[in-house]
Every structure is written in C-alpha cells, then in structure tokens.
Number of protein chains: 2
Amino acid sequence: MTTPRKVTSLDVAKRAGVSRSAVSRVFTPGASVSARTANKVREAADALGYRPNVLARAMLTGKSKIIGLVVAYLDNHFYPTMLELLSEALERQGYHVLVFMASHSASDIEDVVSQILDYQVDGLVLASVALSSDLADRCRASGVPVVLFNRMLETDGELAVVSDNRAGGRMAAEHLVQLGRTRIGHIAGWEGASTQRDREAGFMEGLRTASLGLFAREVGDFRLPRAQDAARRMFDTDTRPDAVFVANDYMAFGVMDVLRAEFGLSVPEDVAVIGFDDVPAAAWPAYALTTIRQDTQAMVAATVDALMAEIDGETFASPSPLPVTLVKRRSA
Amino acid sequence: MTTPRKVTSLDVAKRAGVSRSAVSRVFTPGASVSARTANKVREAADALGYRPNVLARAMLTGKSKIIGLVVAYLDNHFYPTMLELLSEALERQGYHVLVFMASHSASDIEDVVSQILDYQVDGLVLASVALSSDLADRCRASGVPVVLFNRMLETDGELAVVSDNRAGGRMAAEHLVQLGRTRIGHIAGWEGASTQRDREAGFMEGLRTASLGLFAREVGDFRLPRAQDAARRMFDTDTRPDAVFVANDYMAFGVMDVLRAEFGLSVPEDVAVIGFDDVPAAAWPAYALTTIRQDTQAMVAATVDALMAEIDGETFASPSPLPVTLVKRRSA
DNA sequence: CACTGTCTTGCAAACGCATGCAGGGGGAGA
DNA sequence: TCTCCCCCTGCATGCGTTTGCAAGACAGTG
C-alpha cells in the first residue's frame, strides 16, 4: 500500500520554485500572475497531480461550492428529472449538489436542515417539502439562501419557484368540460402542499365557470397506494364519475391502473383522466396521459438564477409562477 | 440585513468559560470530558445555536463525511431508487451523497472524477458508468476507495457490487423456453457494460441448453428511443419473434409500447416480453412485466458495507454476485 | 501527610489554502 | 541614463477545527 500523501500547494510551489501564493493565484481566476510563472506552476501541478482542495478553500472564502438539496419523493419521476437538470445546471456554474432525503417524518426535516448547515452549503433548495417558517428564519440567520422548489409558503417573502398551478388546474377543468364531461372528480395530493391547494383552487374555478360542481373528491397524498385507494373509493359506487383530474401524473398512473384493471373501465371512453407534471412516462402509449405540463427546465433555470443571485448578495424576488401548458394525449 | 456572523467553537468556549478544546471534545464522541463541563458547553452551544463546522473538521481529520456518486441515467428508474436507498443508508452512518452527473460524453468522466476528488470525498461510488482502469488507479492513489455499482471491470481487483447477471439471463431463457417459445430475440443494452455482457451470456447459455439459437438480436444501448428503434427493426419482418428478452425494464417498457401500439401485437399472446431489474413500474398493471429482480436493497447494503470497510482501512473483497429472482407477471 | 495514579483541561500546532500589504523588478517615457 | 509607475511576487496571517502533550486537580492509599 503506497502512502497516498496529499500533494499540497506547497509541494507545487517548491517544485516550480515559487511561493505558495503564486500557486494559489494561478488557480484563482482573475488574480495577477505573469504568464511565465503561471506556466511553471501549471507544469509542476500537472506533474504532481495537484488540484486545489475545495474544502480548504471553502474555509477561507466561506464559499463551499456546494448546494444542499432536500427531496422527499424520488419515486415520483418528476423529482429525479429535476435533480438531473439541477445538478447539470449547477455543475456548469461550478457547484455541486449534496442530497438529503427528507423521506419520512415531517418533523425530522428540522434535523435534516441542521445537518445540511453543518456542511456550510452555499445554498439550499427544498423540493417538495414543507418548510416551517422558523426553519426558514434559521437558514437565513446562517446566511444561507434557500429556495423552495415546487412549493410555496403562506408567509411569503420566501424565495419560491412554482408553476402557475392555479392556471393549470383551470385548464384541466376547461378541457374536461369542453369534452362534455359532467360528473367530474378530483383526486388530490397531500393537502398540506401549496401545489395541491392551487391546482385544486384553479380546477374548482374552472368548473364553476362552467356552472359545474365537483362530483367526487378523494385524497391520494401524492403517494401511489393512497391514490389507488382513493380511486377505489371514488369508483366503487353506482353513478361513477366520467372524468377525473388527478393532482399529479404519478398518482394518475395508479388511478388509470385501477380503473382499467379493477373496474374494467376504459380510458377515456368511460372516464377521462387528466394529470399534472408531464413526466416522461405520461407520453408512453400505455398511458398516453393528457396532462398539464410543468416546464421543469424553466423551473430549475429559475432556481439556479435565484440561488446564484442570492449567493452574490443580491436580493432576488420570487419569479412569477411559470406558465404551464395543456398537452393533449389520449386519456382525455 | 442582520450580519450572520458564524458562531464558532471559541464563542461557545467563552460563554461556557472553558477552552476551545473542551468544546471540541464535547462534540467528539469518546473524548474525555467531565459531565459538568459537558453540560456547561452543551448549554452554551444551544443558546448560541452552535454546531461544529464539518468542513473545518474535515481538514484536520481528513474525513469529509461525504461520498461522491456519479450516475448516468436518472431516467431509468433503477437509479433514482438506488440513489434514495444509498442516501438513506449513508445518512444513517453520518455520511452524505454528493451527486455528479456523468450524463454524456464518456470521456469527461475523467473530468468528473477530478472534480469529485477536489471535494476530498471519503469514497466514491460509480453507478452505471465505465471506469477506465487508470482512472481507478488515480482514485486509489488519492486514497479514495471506489466501488462500482452494477458494473464490473475486466481487470478485476476493483471493488464492484453486481447481481448475478449471468444467472439472471439464464433464468430468463429458461422461463421463455418453458413457455414453449422458440423464436426468441434479445434486445441488448449498451455493449460496453459488463452487465449487458453477463446478462446476454447467461441468456445464450440458457438457450443453448434447450438446443435453441438466438432468433434475432438488436441493441438498444439502455436508452429508450434506441430500444424502440431496435424493436421496430426486430419486428418489421415476416416471421417475427414470439418472445424477447430485453436487457432492462426501462427498455422493455419502450419495447412493449411499440409492439402494442405500432405492430398491434398483444403481449404475451403474440410475443412474450421479459425484462431485467424489477423497477417499480414493472409491477404496474399496464405493463405487468415479467422480469428478473435485482435486490437493490442488498446491492446498496453491500455497497455501503464495502465503503465503510475501506474507509476504515480494511481491505474488502468484492462480494460475490448477488442473487436475482424471476418474478412472473403477465408479460411472459 | 506525602505520594502515586487517574481524570480533566488548556496550550499550541497543524490542516491546506487565500489574500492584504509591501517590496522588488522591469518597462516606458523624458 | 534616470524616474516613475505598474505589474508581480513573497510574507504573514487567518479560516474553524482536532489532538498530542503536559500540567493541574483530586482522590485513594500507605
């Protein structure tokens, strides 16, 4: 076992016949170094395999170049997609993503955030997670910018990037009534989520405009089994809905499955189904799910813009809700 | 804007009337501190909201408590699942996951690994990514244990955790012949992957045992569109296969879609389809995909065992390939 | 009471780097 | 050739910890 002694800037300096400072400057963009020493240093660095230690640098500058991401449901494909985009976008800016699972108890989110702060992250994005506002305060007290992704807080003032969920809900309703459906149900996600509330509010608006009421309502909590139970409850009845707006695609798949497999209903003939998100699988022919598309790309772009601005000390206002679009497929 | 000055161990020390060392020791399990000072310190720490700076600690101890994960396809649900499990398992050990996307060009994997090492990660897991062996050398030279997840290297000696892909391939073949299928095709993943080679090798073995040959073969590179093209090529012919083994579930979904939607074939009546992985969607009634299940749970468990052992300086032998199981659903 | 042994505790050095400050060297202009 | 100025460079300090070392406190024993 060879001793893997770390090669430090001092090693490079000695080999190049310069001082540590010179080495440091070579690796600090925008520092004043002559081309000659820069070359010597780079050469020595290559020979020794030297690369600056991000952690040490972080101590001095206070910038760790890492962004914490806390995420809850990785089984809903919306989030892996978001993670991929986010990570790539941040890498382009020289940042990287440290992942934290907020999987279960909503209370230990407290704990999770503490752990994150221990890593001196430069920023924090909370995806699909309820942030108590005093927690937000604590983060801001630590000087860590936090942006909520796909969630909003009552108490605004928090940086949040969201789609125009209300408009999306309205579009869903309009599409369904335009199709001539009248017995329209809704399967809700977790009711603590602003996303859910806005989507449903918009949906109700849309129905009301058409002088329709909600025919049935169940809640699926954004979880697959719960959504399926919700569907079972909703359709185990004499007069069934002829359309249902499901609060996200992930649940919609589960709902379509029980409609077809357990009730022998066909979509969209017997019942139209419309989802929300437009995750990749929505386009798969097996579901061909009509849905309200969130522009994930734009959402993460807005997220990193916000982060970068806040990190640079500028204060950044939450962008207005991002536009969504109805994508018609065969399920409605 | 309040100045968010960081609260350091010195602040706590002063408030508690002790030295920095005392504070440090309180937060270092197994250090020698009297109960009395421990209480004073903890009290002061709570009052000030002090938490040790992981980065500073990392500098001294050389342990950053972060594990780098480089991952390629997040659209294949196998990997988000794995990420979730891995992150949770590591959090339980006090580690966290720093994500790196190896998205595209296989060459910049070189670059990615360099970036990772800059963060002084304590370990590295490469999921579904081809590691050149000199790259592996460089990591080991830096003293960073690396474990390959779901991939093996020709030159063994690398730590790798894989399923028994060969056995899995064999099981797929056996199941298909047992079903009486005779014109059996294979849609391969990326041929650079050991996973692919092993699955196919096992599959061929299984066919050979039954005195059958491969009826058709196309490659889908583990990507959805490519897999669909592969399926089109394979079935746009007079005598079609009556069964196909697809190298992973993700591609299998795409294949089933084109078979049904474009060729009007029904699965499994016209053609039996069998996949590999058993991702959650495989259980969805729309696909009800018969598949070879990888025990993701066991795989990540083995991965963190390996990491922890190597970090503790023990050398750890690659575990033997983990058992897979055939899960029969309706597609075959 | 003196001595020894066991716990605690503080001191100071180290980890690897960035950066303000001041000094040195060289080029340009006269 | 001399002066001035600017560009480079080295020195030293600090970032927030951990940890070996040695000294202090205290109890127990003879």
Side-chain angles (χ1 to χ4, degrees), chain A residues 3-42 44-45 48-66 94 117-122 142-143, chain B residues 3-42 44-45 48-66 94 117-122 142-143:
Chain A
T3 317
R5 225 193 44 81
K6 249 156 200 138
V7 26
T8 83
S9 68
L10 188 57
D11 300 327
V12 178
K14 282 208 282 237
R15 181 183 239 259
V18 298
S19 74
R20 288 207 313 276
S21 331
V23 178
S24 170
R25 284 190 250 263
V26 171
F27 287 93
T28 310
S32 138
V33 207
S34 75
R36 215 166 61 85
T37 53
N39 284 339
K40 282 194 303 186
V41 166
R42 250 182 261 282
L48 269 49
Y50 169 78
R51 310 208 84 212
N53 180 330
V54 176
L55 268 40
R57 172 178 294 171
M59 291 218 52
L60 274 293
T61 63
K63 317 267 87 189
S64 62
K65 292 302 195 174
I66 102 171
L117 295 182
D118 293 351
Y119 279 91
Q120 314 296 116
V121 298
D122 290 344
S142 313
Chain B
T3 318
R5 225 191 45 80
K6 248 152 201 142
V7 27
T8 82
S9 68
L10 188 57
D11 300 326
V12 178
K14 281 207 283 235
R15 181 182 238 261
V18 298
S19 73
R20 290 206 312 277
S21 330
V23 178
S24 170
R25 284 189 251 264
V26 171
F27 286 92
T28 310
S32 142
V33 207
S34 74
R36 213 167 63 86
T37 54
N39 284 339
K40 283 193 302 184
V41 166
R42 249 183 262 281
L48 269 48
Y50 169 78
R51 309 209 84 211
N53 180 330
V54 176
L55 267 41
R57 172 180 294 170
M59 292 217 49
L60 271 294
T61 63
K63 318 266 88 190
S64 62
K65 292 301 195 174
I66 102 173
L117 296 182
D118 293 351
Y119 280 91
Q120 313 297 116
V121 298
D122 289 344
S142 314

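Every chain is numbered from 1 and lettered A, B, ... according to where its sequence line falls, protein lines coming before strand lines.
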Practice task
Work out which heavy atom in B:Arg15 is nearest to a heavy atom in B:Ala44; give both atom names and the distance.
Solution key: CD-CB, 3.7 Å
Practice task
Residues of residues 49-65 of chain B with any non-hydrogen atom less than 4.0 angstrom from an atom of DNA chain C: list those, numerically ordered, please.
Solution key: B:Met59, B:Leu60
Practice task
Enter the distance from B:Arg20:CZ to B:Lys14:NZ here, rounded to the nearest 0.5 Å.
Solution key: 10.0 Å
Practice task
Tell me, please, which residues at least two apart from B:Ser34 pass side chain to side chain donor-acceptor pair (under 3.5 Å).
Solution key: B:Thr37
Handout entry: Gap between atoms CZ and C1', on B:Phe27 and D:dG16 respectively (whole Å)
Key = 13 Å
Practice task
Measure the distance from OH on A:Tyr119 to P on D:dT17 and round it to the nearest whole Å.
Solution key: 15 Å
Using a 3.5 Å cut-off and no angle test, enumerate the donor-acceptor pairs between side-chain atoms of residues 53-63 of chain A and protein atoms at least two apart in sequence or in another chain.
residue	atom	partner	partner atom	Å
A:Asn53	OD1	A:Leu55	N	2.7
A:Asn53	OD1	A:Ala56	N	3.1
A:Thr61	OG1	A:Arg57	O	3.0
A:Thr61	OG1	A:Lys63	N	3.1

Exercise for the section: Verify the contact: side-chain N or O of B:Ser24 to OP1 or OP2 of D:dT17, cut-off strictly under 4.0 Å; return yes or no. Expected result: no
Exercise for the section: Compare every heavy atom of A:Ala45 with every heavy atom of A:Phe27, then report the nearest pair and how far apart it is. Expected result: CZ-CB, 3.9 Å
Handout entry: Bounds of contact between DNA chain C and chain A, in 5' to 3' order, using a heavy-atom cut-off under 4.0 Å
Key = C:dG16 to C:dG20
Taking only N/O atoms, report every protein-nucleotides 5-9 of chain D pair under 3.5 Å with atom names and distance.
residue	atom	partner	partner atom	Å
D:dT9	OP1	A:Ser34	OG	2.9
D:dT9	OP1	A:Thr37	OG1	3.1
D:dT9	OP2	A:Ser34	N	3.0
D:dT9	OP2	A:Thr37	OG1	2.9

Practice task
Rounding to 10 degrees, work out the angle separating the end axes of the helix from C:dC1-D:dG30 to C:dA30-D:dT1 (five pairs an end).
Solution key: 40°
Problem - Nearest-Å distance for atom pair CG/P, residues B:Leu10 and D:dC15 - result: 10 Å
Problem - Closest heavy-atom pair and its distance - A:Ile66, B:Tyr119 - result: CG2-CE2, 3.3 Å
